[in-house]
Amino acid sequence: KVGKIVFKLGILILILGWLFFHYSGAANHLIGYLFPEMEKATILRLVVFPLGMSFYTFQAISYMTDVYWQEEKAERNIIDFLLYMLFFMKFLSGPIERAGDLIKQLKEPKPFNYSLAVLGLKYILLGLLKKLLIANYIAPHTTIMFNEIHELSGLQMLMTCLLYPIELYADFSGYTDIAIGGAYMFGLKLVPNFNSPFAARSTADLWRRWHMSLSFWVRDYIYVPLTAETRRWGVWGVYFSLLATFVLLGLW
């Protein structure tokens, strides 16, 4: 019973902390709108969203959940735990690692491996090409289009809609390729995050290919537990679980 209370309290603290930092800017604007005389005085103006907070919040939640479900043992080595939580290669863009995958690797000796180093450099080069030659080239054009959205012709709007997913994919997958490549150079293997998402044949298939570590995290730690709790509702339980999952994903 004590373990259950500690688990729920820990999850609540993580979520509230993330919400506070993530939405402090929006809260500040709301306070300034409702109470103009408080706009310069509110403490929320001093709040800065910590780098990578979303990713290490997700990792902390999955770690606590796996330990609570007894799928993983609690890590006693504080250095290994901090390396798992704050490994700098994936700090800003993921992928979201599970404790069972990464902590185990951190405990193993990592002599220099030439093949892995070359593979890592290839991933880094691929990520830089995506980011610098594709995403950064398209971004200025889509920014102009979005800023002048009411003046665009139908063809221009169509081109913007086609270009923006490419920009988003090249930017995000480029960052994660660099992170995966950097980890390979340290002898560590991170989970893949994208799997040819534009080859998806359905929306469900797209979610299995796009930002996979987040999609699988949401499935395992939100959707599946919710459907288990609401299965007595029948098909309405499934609908509720899907709605709640996508609302929470939208908040993120």
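- Residues Asp177 and Lys130 have side chains in contact (heavy-atom distance under 4.5 Å, counting atoms from C-beta outward).
- Atom OH of Tyr221 and atom CZ of Phe216 lie 13.0 Å apart (nearest 0.5 Å).
- Residues Tyr239 and Trp233 form no side-chain contact, since every pair of their non-hydrogen atoms from C-beta on lies 4.5 Å or further apart.
- Once rounded to the nearest 0.5 Å, the distance linking OH of Tyr184 with CG of Leu190 reads 8.0 Å.
- The two atoms that bring Ile180 and Pro95 nearest to each other are CG1-CD, 4.5 Å, heavy atoms only.
- Remark: the backbone N or O of Thr143 is paired with a side-chain donor or acceptor of Asn147 at under 3.5 angstrom.
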Requested in this report: With ring pair (Phe, Tyr, Trp, His ring centres under 6.0 Å) as the test, would you mind laying out the steps for Tyr164 and Phe146 before giving the verdict?
Outcome: CA-CA 10 Å; Tyr164 186 64; Phe146 285 130; 5.2 Å; yes

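- Expressed to the nearest 0.5 Å, how far CH2 of Trp18 lies from CD1 of Ile61 amounts to 9.5 Å.
- Residues Asn77 and Ile79 share a closest heavy-atom pair of OD1-N, 2.9 Å.
- The two residues Ala139 and Glu167 make their nearest non-hydrogen contact at CB-OE2, 3.5 Å.
- Using modelled atom types, one side-chain atom of Trp217 and one backbone atom of Phe58 make a donor-acceptor pair closer than 3.5 Å.
- Cluster membership for Ile124 and Leu132, using ILVMFWY side-chain heavy atoms within less than 4.5 angstrom, is shared.
- Judged by distance alone, with hydrogens and angles left aside, the side-chain atoms of Ser215 form a donor-acceptor pair with the main-chain N or O of Trp210 at under 3.5 Å.
- One finds the CD1 atom of Ile134 at 8.5 Å from the OH atom of Tyr169 (value rounded to the nearest 0.5 Å).
- Considering every non-hydrogen atom in both Ser213 and Val191, the closest pair reads CB-CG2, 4.2 Å.
- There is no path of hydrophobic side-chain contacts, each under 4.5 Å, that joins Ile144 to Met159.
- Judged by distance alone, with hydrogens and angles left aside, the side-chain atoms of Lys110 form a donor-acceptor pair with the main-chain N or O of Glu108 at under 3.5 Å.
- Looking only at distances, a side-chain donor or acceptor of Arg209 sits under 3.5 Å from a matching main-chain atom of Ser196.
- Applying the side chain to side chain donor-acceptor pair (under 3.5 Å) criterion to Lys107, with sequence neighbours excluded, gives Glu75, Asp80.
- Residues Leu121 and Met185 meet the side-chain proximity criterion, which asks for heavy atoms closer than 4.5 Å.
- A continuous path of hydrophobic side-chain contacts links Val224 to Trp69 [ILVMFWY only; heavy atoms under 4.5 Å].
- Shown here is Tyr175, whose OH atom has no more than 12 heavy atoms of other residues, nucleotides or ligands within 6.0 Å.
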field: Val238 vs Leu242, side chain to side chain contact (heavy atoms under 4.5 Å, CB included): CA-CA, chis, key distance, verdict
entry: CA-CA 6 Å; Val238 176; Leu242 282 171; 4.2 Å; yes

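- Gln105 contributes a side-chain N or O that, together with a main-chain N or O of Asp101, makes up a donor-acceptor pair within less than 3.5 Å.
- Thr176 and Ser173 get closest at one heavy-atom pair: OG1-O, 2.9 Å.
- With rounding to the nearest 0.5 Å, the separation of CG in Asn195 from CG in Asp205 is 8.5 Å.
- In terms of hydrophobic clustering, with Ile, Leu, Val, Met, Phe, Trp and Tyr side chains grouped at heavy-atom distances under 4.5 Å, Leu12 and Phe7 are assigned to different clusters.
- Counting heavy-atom neighbours within 6.0 Å of Arg231 CZ, excluding the residue itself, gives a total of 12 or less.
- At a threshold of 4.5 Å between non-hydrogen side-chain atoms, the residues Met64 and Leu14 count as touching.
- For the 3.5 Å distance criterion, the side chains of Thr142 and Thr160 fail to qualify, holding no donor opposite an acceptor.
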**Q.** Test salt bridge (charged side-chain N to carboxylate O under 4.0 Å, His left out) applied to Arg98 and Asp66, step by step
**A.** CA-CA 9 Å; Arg98 307 290 177 90; Asp66 287 344; 5.4 Å; no

Worksheet item: Which is it for Thr227 and Ser241 under the side chain to side chain donor-acceptor pair (under 3.5 Å) test, yes or no, and what are the steps along the way?
Response: CA-CA 6 Å; Thr227 53; Ser241 300; 5.1 Å; no

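- Grouping the Ile, Leu, Val, Met, Phe, Trp and Tyr side chains by contacts below 4.5 angstrom, directly or via other members, places Ile15 with Val67.
- Enclosure of atom CZ in Phe198 by more than 12 non-hydrogen atoms of other residues, nucleotides or ligands within 6.0 angstrom is indicated.
- Looking at Tyr84, its side chain does come within 3.5 Å of a backbone N or O of Glu97 through a donor-acceptor pair.
- Around CZ of Phe87, the count of heavy atoms belonging to other residues, nucleotides or ligands within 6.0 Å exceeds 12.
- The distance from the SG atom of Cys161 to the CD atom of Gln156 is 12.0 Å, given to the nearest 0.5 Å.
- The nearest pair of heavy atoms linking Leu226 to Ala244 is CD1-CB, 3.8 Å.
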- Give the intermediate values and the outcome of side chain to side chain contact (heavy atoms under 4.5 Å, CB included) for residues Asn193 and Ile96. CA-CA 9 Å; Asn193 222 15; Ile96 303 168; over 6 Å; no

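- Side-chain contact between Ile178 and Leu126 is absent, with no heavy-atom pair separated by less than 4.5 Å.
- Using cut-offs of 30° and 60° on the angle between ring planes, the pair Phe55 and His211 is tilted.
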